[in-house]
Amino acid sequence: MTPVNKLSQAEINPLKSLDEWEDDVLERYPDPEAIATSKKTAEYRNYETPGRDTVREFYRLNHTYQTYDFVQEKRADYLKFDKKEMPVWDAFQFLNQLVDDSDPDTDLDQFQHLLQTSEAIRADGHPDWMVMVGLMHDMGKVLCLFGEPQWAVVGDTFPVGCAYSGKIVYPEFFANNPDYSDTRYNTQYGVYTPGCGLRNVHMSWGHDEYVYQMMKDYLPESGLYMLRYHSFYAWHREGEYEYLLDDHDREMLKWVKLFNPYDLYSKNPTPPDWNKLRPYYQELANKYLPERLKF
């Protein structure tokens, strides 16, 4: 097996765009029309090319290399938050370096997409901390700018250190993962105990966990669950891993489900008017965030 630190360019970037992962999610889990204001949900992610072999390849790599030890290595490296420090508004400009022309739903930069998500949440009258979640939820994608491969930044997340659910997308690719045949990790509970709670479970590494760790001192618990688990589709869409949950997880599930459609269906070709929105969001950021963010 190719060592993770000696990946080819195709193994680092199997997707045409980071958003191509969300294309696949939308096809698997179509949602009601309420939030998709610019067009019908069926029209989103409309690629003319048949089938997306790149998505299959993405998950082959993701499921092969996202081992328990890999996750511990990334946590030890990135959760020191010693890579970069900058004001929040500079951080959005940093994130905008990930702009990609291959997304068929929008040619807006990353910051504008985040504004659309947060504005959709605000328009529906949700609390301002949830608006803040919408604004920050993809900030963790800056991991790509630190040299992380796409499959260690986006993708459906799942627990590592225990048996893989058959409801995870492309479960057959887990057979390539060393943990699949490791008796420490391939039983139902693996390194965990029944009802231990998701906060004691290590998830596959990516932007969800990274931004949660970045924001954990600044937002309420319900918002933190939105950040940490919005890509954990095997849980919040398929109902898997019940045996690891505690009552707190079950209570928080409603918040994760509430947030998910705003993330997937808020894209609109009309750019947000930042000049009008600036005073609100500057006040919001001052309320919840420190002056400078650490990455």
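Side chains included, hydrogens not; waters and symmetry mates left out as well; all remaining heavy atoms used.
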Does one side chain, of [X] or [Y], offer a donor that lies under 3.5 Å from an acceptor on the other?
X: Ser204; Y: Gln66; result: no
X: Gln112; Y: Gln116; result: no
X: Asp124; Y: Tyr262; result: yes
X: Tyr65; Y: Asn176; result: no
X: Thr54; Y: Glu57; result: no
X: Glu148; Y: Tyr78; result: yes
X: Asp263; Y: Thr117; result: no

Flag, side chain of [X] to backbone of [Y], donor-acceptor distance under 3.5 Å:
X: Asp24; Y: Trp21; result: no
X: Asn96; Y: Gln110; result: yes
X: Tyr164; Y: Phe158; result: no
X: Asp90; Y: Met86; result: no
X: His63; Y: Ala175; result: no
X: Asp179; Y: Tyr68; result: yes
X: Arg292; Y: Glu85; result: yes
X: Glu238; Y: Tyr233; result: no
X: Asp128; Y: Val131; result: no
X: Glu20; Y: Lys16; result: yes

Query raised in the report: Checking ring pair (Phe, Tyr, Trp, His ring centres under 6.0 Å) for the pair His248/Tyr225: CA distance, chi angles, key distance, verdict?
Result: CA-CA 11 Å; His248 185 61; Tyr225 262 73; 5.4 Å; yes
Query - Salt-bridge present (Asp156, Arg28; N to O < 4.0 Å) - result: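 Salt bridge between Asp156 and Arg28, a charged N being under 4.0 Å from a carboxylate O: yes.
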Requested in this report: Identify whether the distance between the nearest side-chain nitrogen and carboxylate oxygen of Arg250 and Glu242 falls below 4.0 Å.
Outcome: yes
4.5 Å side-chain heavy-atom contact, [X] and [Y]:
X: Val201; Y: Cys196; value: yes
X: Leu198; Y: Trp235; value: yes
X: Phe94; Y: Val142; value: yes
X: Pro159; Y: His202; value: no
X: Tyr229; Y: Thr157; value: no
X: Phe81; Y: Tyr210; value: yes
X: Glu209; Y: Arg75; value: yes
X: Arg56; Y: Arg60; value: no

Once rounded to the nearest 0.5 Å, what's the spacing between atom [atom1] of [X] and atom [atom2] of [Y]?
X: Asp53; Y: Phe58; atom1: CG; atom2: CZ; value: 15.0 Å
X: Tyr212; Y: Leu224; atom1: OH; atom2: CG; value: 6.0 Å
X: Asn177; Y: Asp182; atom1: CG; atom2: CG; value: 9.5 Å

Query raised in the report: Could you go step by step and tell me if Phe70 and Trp151 meet the ring pair (Phe, Tyr, Trp, His ring centres under 6.0 Å) rule?
Result: CA-CA 12 Å; Phe70 176 82; Trp151 49 263; 5.5 Å; yes
Answer yes or no: does atom [atom1] of [X] have more than 12 heavy-atom neighbours from other residues, nucleotides or ligands under 6.0 Å?
X: Tyr180; atom1: OH; value: no
X: Glu291; atom1: CD; value: no
X: Lys257; atom1: NZ; value: no

Closest heavy-atom pair and its distance - [X], [Y]:
X: Leu98; Y: Lys141; answer: CD1-O, 3.2 Å
X: Ala234; Y: Tyr241; answer: CB-CE1, 4.2 Å
X: Pro272; Y: Leu277; answer: CB-CD1, 3.8 Å
X: Leu293; Y: Ala91; answer: CD1-CB, 4.4 Å
X: Leu15; Y: Leu18; answer: CD1-O, 4.4 Å
X: Asp138; Y: His207; answer: OD1-NE2, 3.5 Å

**Report entry** side-chain hydrogen bond (donor to acceptor under 3.5 Å, both in side chains) evaluation trace for Asn62 with Tyr170
**Finding:** CA-CA 10 Å; Asn62 176 276; Tyr170 296 118; over 6 Å; no
Requested in this report: List in chain and number order the residues that pass side-chain hydrogen bond (donor to acceptor under 3.5 Å, both in side chains) with Glu283, two or more places apart in sequence or in another chain; answer none if no residue qualifies.
Outcome: none
Query raised in the report: Mind checking what makes side-chain hydrogen bond (donor to acceptor under 3.5 Å, both in side chains) contact with Lys84, not counting sequence neighbours?
Result: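 Counting only residues at least two positions away or on another chain, Lys84 forms no side-chain hydrogen bond (donor to acceptor under 3.5 Å, both in side chains).
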**Report entry** Where at least one partner belongs to residues 275-295, residue pairs that pass ring pair (Phe, Tyr, Trp, His ring centres under 6.0 Å), sequence neighbours excluded
**Finding:**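 Qualifying pairs: none.
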